[in-house]
Q: 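Handing you a structure now.
Values in this document were obtained by computation on a predicted structure and should not be read as measured data. Read the numbers this way: they start at 1 and go in the same order the structure lists the ligands and their atoms. Throughout, residue positions are numbered sequentially from 1 according to the sequence presented.
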Amino acid sequence: MFEMPERMTQTPEPMSSGMKEPDTLASPPLASTGVRFSVVVPVYNEQQVVSVTHARLKAVMDSLGEPYELIFVDDGSADDTPALLRDIAESDANVRVLRFSRNFGHQAAIKAGIDHALGDAVIVIDGDLQDPPELIPKLVEQWRAGYQVVYAKRTDRQGETWFKRWSATTFYRLLRLLTDVQIPLDTGDFRLMDRQVCDVLRSIPEKHPFVRGLVAWVGFPQASVEYVREPRFAGTSKYSMTKMVKLSMDAVTSFSAKPLQLPLYAGLLLSVLSLAGLAYTACRSTLSGHAVSAVDVLTLVNLFVDGLVFLSLGIAGQYIARIYDEARNRPLYIVERRLGFGEHPYQQK
Ligand code: UDP
Ligand code: MG
């Protein structure tokens, strides 16, 4: 029952465009905390699944033979999940539980897990077993090869409605069009991140974190491992339509200023076209002696003024984008490694 499905493929190909490959093969040293791996599992009303998830994760992590912790983040569940997690934590010393005071959302749960994780590598995995725990050793293999972010990329999604498949596919493609950060297609939050990447994520204080976007944004050598997304083990999706819309809005607004540029382009187009229209009307009446229609002129002047209004909205948008940039307070740059600096007086972590 807990065996790896045969369909699951593992093609550890490096990410293409913009993704860096590692230039080191050195195995990272064990963190001072003594924890090698942290597995972060967000759960919300998963009473039907959580015990099986724990058993499967435990089997996989034990097989890796290094110290690990399983961090279950209970996102304000209202069913038996909290009681089950308490029992699990009591019976397994590797388990830690973070319980939210209410439902704050999947992304907040992931962020909280990363913030509390101690491991050299942190693996984020959904609690409903759509992401097979048995893929973790493949992610770890890539990490040991020097990649600091290893994505699990879905080649197929099973047991999901056509609407879910269609909306997910459209969402990833639209996001790619709108944003400057190359967020890998068809990847969810199932991934492994190195301690250095997690430290950068911890320092980002965003109020609407879109974790998979942030992970793409931070850089570092990244690779992907392909897998077939399984149907849910039990229960139903906890991503309501409202939550999906909110996630898409968070993704677009935190990684793209393009919507703010739209009035600028619309304004420019409208002003230029209406001016051309006015010039054409003036030429036509001068050359052919036609009387100028007052309605035409008024309409064109109106359109021109509308264009100016749009233009100024677009210009204001550019300033808003800058203010937003400052308010998000993302680091201006991230240093991966320093060579030859020694104990530099301005050494920045
Ligand atoms: N989840 C969560 N908070 C939420 C919604 C979902 O922590 O508000 C968890 C959920 O328990 C699961 C993971 O996030 O472990 C993914 O959610 P789900 O499987 O419902 O989403 P789907 O796979 O249908 O997109
Ligand atoms: Mg799911």
Q: Judging by distance only, is a nitrogen or oxygen of Ala109 under 3.5 angstrom from one on ligand 1?
A: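 Min N/O separation from ligand 1 is not below 3.5 Å for Ala109.
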Q: What's the shortest distance from atom 4 (C) of ligand 1 to any protein heavy atom, and which residue and atom give it?
A: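 Checked against all protein heavy atoms, atom 4 (C) of ligand 1 sits closest to Asp75 OD2, 3.4 Å.
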Q: Only N/O/S atoms count here: what is the atom of Asp128 closest to the Mg ion (ligand 2) called?
A: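 The closest N, O or S atom of Asp128 to the Mg ion (ligand 2) is OD2.
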Q: Suppose we measure from atom 19 (O) of ligand 1 to each protein heavy atom; which comes out shortest, and what is that distance?
A: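 Answer, as residue, atom name and distance: Asp128 OD2, 2.6 Å.
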Q: Using a 6.0 Å distance limit plus a 45 degree cone around the ring axis, check whether Arg328 lies over the aromatic ring of Tyr324.
A: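 Because its charged atom sits under 6.0 Å from the ring centre and within 45° of the axis, Arg328 does stack over Tyr324.
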Q: So that I can check it, does any N, O or S atom in Tyr239 come closer than 2.8 Å to the Mg ion (ligand 2)?
A: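 Within the cut-off used here (under 2.8 Å), Tyr239 places no N, O or S atom near the Mg ion (ligand 2).
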Q: Is NZ or CZ of Arg102 both nearer than 6.0 Å to the six-membered ring centre of Phe104 and within 45° of the ring axis?
A: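 Cation-pi check for Arg102 and Phe104: passes.
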Q: Look up atom CG in Asp115 and atom CZ in Arg202, then write down how far apart they are to the nearest 0.5 Å.
A: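 Separation between the atoms: 6.0 Å.
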Q: Taking Val181's backbone N and O only, do any of them form a donor-acceptor pair with Thr179's side chain (distance below 3.5 Å, no angle check)?
A: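 Checking the backbone N and O of Val181 against the side chain of Thr179, a donor-acceptor pair under 3.5 Å is found.
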Q: Give the atoms of ligand 1, by number and element, whose distance to some non-hydrogen atom of Arg232 is under 4.0 Å.
A: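 Selected atoms, number and element: 18 (P), 19 (O), 20 (O).
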Q: To the nearest 0.1 Å, how far is atom 20 (O) of ligand 1 from its closest protein heavy atom, and which atom is that?
A: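 Minimum-distance protein heavy atom for atom 20 (O) of ligand 1 reads Lys238 N, 2.4 Å.
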Q: Which ligand 1 atoms are under 4.0 Å away from a heavy-atom of Gln130?
A: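 Those qualifying, in numeric order: 19 (O), 22 (P), 23 (O).
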Q: Please report whether the ring centroid of Tyr227 lies less than 6.0 Å from that of Phe190.
A: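 Yes.
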Q: With ring centroids as reference points, do Trp217 and Phe210 lie under 6.0 angstrom apart?
A: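 No, the ring centres sit 6.0 Å or more apart.
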Q: Could you identify the single nearest non-hydrogen protein atom to atom 24 (O) of ligand 1 and state the distance to 0.1 Å?
A: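 For this ligand atom, the closest protein heavy atom is Ser237 OG, 2.6 Å.
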Q: Is Arg229 near ligand 1, meaning one of its heavy atoms is under 4.0 Å from it?
A: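 Arg229 counts as a contact of ligand 1 under the 4.0 Å cut-off.
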Q: Counting both backbone and side chain atoms, is some N or O of Lys243 under 3.5 Å from an N or O of ligand 1?
A: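 Yes: some nitrogen or oxygen of Lys243 is under 3.5 Å from one in ligand 1.
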Q: Which atoms from ligand 1 have a heavy atom of Gly105 less than 4.0 Å away?
A: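 Taking each heavy atom of Gly105 in turn, ligand 1 has 3 (N), 8 (O) under 4.0 Å.
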Q: Under 6.0 Å between the ring centres of Tyr44 and His106?
A: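 Judged by ring-centre distance (under 6.0 Å), Tyr44 and His106 do not meet the cut-off.
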Q: Hey, is Asn103 touching ligand 1 through its side chain, its backbone, both or neither, going by heavy atoms under 4.0 Å?
A: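 Answer for Asn103: side chain.
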Q: Sub-3.5 Å donor-acceptor pair from the side chain of Ser167 to the main-chain atoms of Phe163, do we have one?
A: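 Confirmed, Ser167 side chain pairs with Phe163 backbone.
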Q: Could you tell me the residue and atom name of the protein heavy atom closest to atom 25 (O) of ligand 1, and the distance to it rounded to 0.1 Å?
A: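 Result for atom 25 (O) of ligand 1: Lys164 NZ, 2.8 Å.
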Q: At what distance, to the nearest 0.5 angstrom, does CG of Leu264 lie from CZ of Phe310?
A: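 Atom-to-atom, Leu264:CG and Phe310:CZ are 11.5 Å apart.
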Q: Give me the one residue out of Arg99, Arg86, Arg96 that meets salt bridge (Lys or Arg N to Asp or Glu O under 4.0 Å) with Asp74.
A: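 When Arg99, Arg86, Arg96 are each tested with Asp74, the salt bridge (Lys or Arg N to Asp or Glu O under 4.0 Å) holds only for Arg99.
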Q: Evaluate the ring pair (Phe, Tyr, Trp, His ring centres under 6.0 Å) criterion for residues Trp143 and Phe37: first the C-alpha distance (whole Å), next the side-chain angles of each, then the deciding distance (0.1 Å), finally the verdict.
A: CA-CA 11 Å; Trp143 176 64; Phe37 303 112; 5.8 Å; yes
Q: Any N or O of Gly127 that comes nearer than 3.5 Å to an N or O of ligand 1?
A: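 Yes, since at least one N or O of Gly127 sits under 3.5 Å from an N or O of ligand 1.
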Q: Note the single closest protein heavy atom to atom 1 (N) of ligand 1, along with its residue, its atom name and the distance in Å.
A: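 I find the closest protein heavy atom is Tyr44 CB, 3.8 Å.
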Q: How long is the span from the CG atom in Leu135 to the CD atom in Glu226, to the nearest 0.5 Å?
A: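 One gets 10.5 Å once the value is rounded to the nearest 0.5 Å.
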Q: Which protein non-hydrogen atom lies closest to atom 14 (O) of ligand 1, naming both residue and atom, and how far is it?
A: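 For this ligand atom, the closest protein heavy atom is His106 CD2, 3.1 Å.
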Q: Using a 4.0 Å heavy-atom threshold (strictly under), name the region of Glu46 that reaches ligand 1: side chain, backbone, both or neither.
A: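 The answer is the side chain of Glu46.
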Q: Is Thr236 in polar range of ligand 1, meaning some N or O pair under 3.5 Å apart?
A: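 Among all N and O atoms of Thr236, none is under 3.5 Å from an N or O of ligand 1.
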Q: Suppose we measure from atom 21 (O) of ligand 1 to each protein heavy atom; which comes out shortest, and what is that distance?
A: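 Atom 21 (O) of ligand 1 sits closest to the protein heavy atom Tyr239 CD1, 3.2 Å.
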